[in-house]
Amino acid sequence: MVSGGEDLKKKGEDGVFTVSVVGGGGVGYDNQGYDGELGVKPPPPIIEDEKKKIKLSRKEKWRILMNVAAVSFAFMVQFTAFQGTANLQSSINANEGLGTVSLSAIYAALVLSCIFVPTFLIKRLTVKWTLCCSMLCYAPYIMAQFYPR
């Protein structure tokens, strides 16, 4: 419903009605579906200082880039080794599906540990040392594949 009544409807020369939602005196649209009980608060005003970008020196940008590259390379090497040993495990222990069962156990433990452990470890060790410890957890499994029996 539009407040203000019939004077808000105007028929143009082409026979099309135009309806204004702003009534005379700036009343606006009369939304009868909203009774004001929702308690909606307007968003906080944007502070000009929050909009500014952080400016880093070239040296700092280069240091960040090298750190990201080092972590990326380390994970690539680790997961390449892990994927190779996982394929080896499922090939060597094909009898009675032992390789598949061991890989299923590893991936189930991985899923559970990814759900519950990261927040606990990051609070205790910080992000850097959590990454180091998580990478070291793969080492015994990878090393055990060097001398399979």
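Quantities reported herein were computed from a predicted structural model and do not represent experimental measurements. In this chain, numbering begins with 1 at the start of the sequence shown.
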### Message
Give me each pair satisfying salt bridge (Lys or Arg N to Asp or Glu O under 4.0 Å) with a member in residues 116-138, each pair once, sequence neighbours excluded.
### Response
none
## Note on the structure
CG of Leu56 to CZ of Arg63, rounded to nearest 0.5 Å, is 9.5 Å
### Message
Restricting to non-hydrogen atoms, name the atom on Gln89 and the atom on Ser102 that form the minimum distance, rounded to 0.1 Å.
### Response
CG-OG, 3.4 Å
### Residue list, side-chain contact (heavy atoms from CB on, under 4.5 Å) with Ser57, at least two apart or on another chain
Lys59, Glu60
## Note on the structure
Heavy-atom nearest pair, Ile142 first then Gln78, reads CD1-O, 4.1 Å
### Query
Residues sharing Leu112's hydrophobic cluster, by side-chain heavy-atom contacts under 4.5 Å among ILVMFWY, directly or via others?
Val111, Ile115, Phe116
### Query
What about Leu136 and Val77, same hydrophobic cluster or not, with Ile/Leu/Val/Met/Phe/Trp/Tyr joined at side-chain heavy-atom distances under 4.5 Å?
no
### Message
Tell me whether Met135 shares a hydrophobic cluster with Tyr107, the cluster being built from Ile, Leu, Val, Met, Phe, Trp, Tyr side chains joined at under 4.5 Å.
### Response
yes
### Task
Give me the other members of the hydrophobic cluster that Trp62 sits in, counting Ile, Leu, Val, Met, Phe, Trp and Tyr linked by side-chain heavy atoms under 4.5 Å, directly or via other members.
Leu65, Met66
### Message
Looking at every non-hydrogen atom in both residues, tell me the closest pair between Pro118 and Ser113 and how far apart they are.
### Response
CD-O, 3.1 Å
### Task
Sequence neighbours left out, what pairs pass salt bridge (Lys or Arg N to Asp or Glu O under 4.0 Å) with at least one residue falling in residues 77-86?
none
### Query
Roughly how far, to the nearest 0.5 Å, is the CG atom of Leu110 from the CG atom of Leu103?
11.5 Å
### Message
Quick test of your reading: applying ring pair (Phe, Tyr, Trp, His ring centres under 6.0 Å), list the pairs with at least one residue in residues 69-103, sequence neighbours left out, ordered by first then second residue.
### Response
Phe75-Phe79, Phe79-Tyr138, Phe82-Tyr138, Phe82-Tyr141
#### Entry: Under 4.5 Å side-chain linkage, directly or through intermediates, the cluster mates of Trp129
Val117, Phe120, Leu121, Leu125
